[in-house]
Amino acid sequence: MARQIALAVGLPAVLASVAGIGLAADGLEASDEDGDRIIGVNQCTIHGSS
């Protein structure tokens with residue numbers, strides 16, 4: 001499907017990875033694991049890279 005779109009309208013000028021998660025807790029309530037998970041998803045994950 002992506003190939004058909006690219007052929008029809010051309011390649012995108014900008015790609016954005018906008019996936020992210022948050023935590024509904026006070027900063028003092030968050031554990032180290034919560035912080036690691038949030039950083040892992042919000043800053044370290046590239047979705048669909050190849």
Side-chain angles (χ1 to χ4, degrees):
M1 180 176 194
R3 182 182 302 268
Q4 292 170 329
I5 294 170
L7 290 172
V9 297
L11 296 174
V14 176
L15 276 178
S17 176
V18 294
I21 61 171
L23 179 65
D26 185 289
L28 297 175
E29 297 172 355
S31 69
D32 289 342
E33 291 80 18
D34 291 330
D36 290 343
R37 185 172 58 90
I38 291 169
I39 296 298
V41 170
N42 293 351
Q43 294 183 358
C44 300
T45 304
I46 300 174
H47 302 280
S49 64
S50 58

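If you read the sequence from its start, that first residue is 1, and numbering goes on from there.
Follow the hydrophobic side-chain contacts under 4.5 Å out from Ile5 and you never reach Val14; the two are in separate clusters.
Nearest approach of Val41 to Gly20, heavy atoms of both residues: CG1-CA, 4.3 Å.
Among residues two or more places apart in sequence or in another chain, the side chain to side chain donor-acceptor pair (under 3.5 Å) test is passed with Asp36 by none. Glu29 pairs by the side chain to side chain donor-acceptor pair (under 3.5 Å) definition with nothing, not counting sequence neighbours. Contacts of Ile38 classified as side-chain contact (heavy atoms from CB on, under 4.5 Å), with partners at least two apart in sequence or in another chain: Ile21, Leu23, Asn42.
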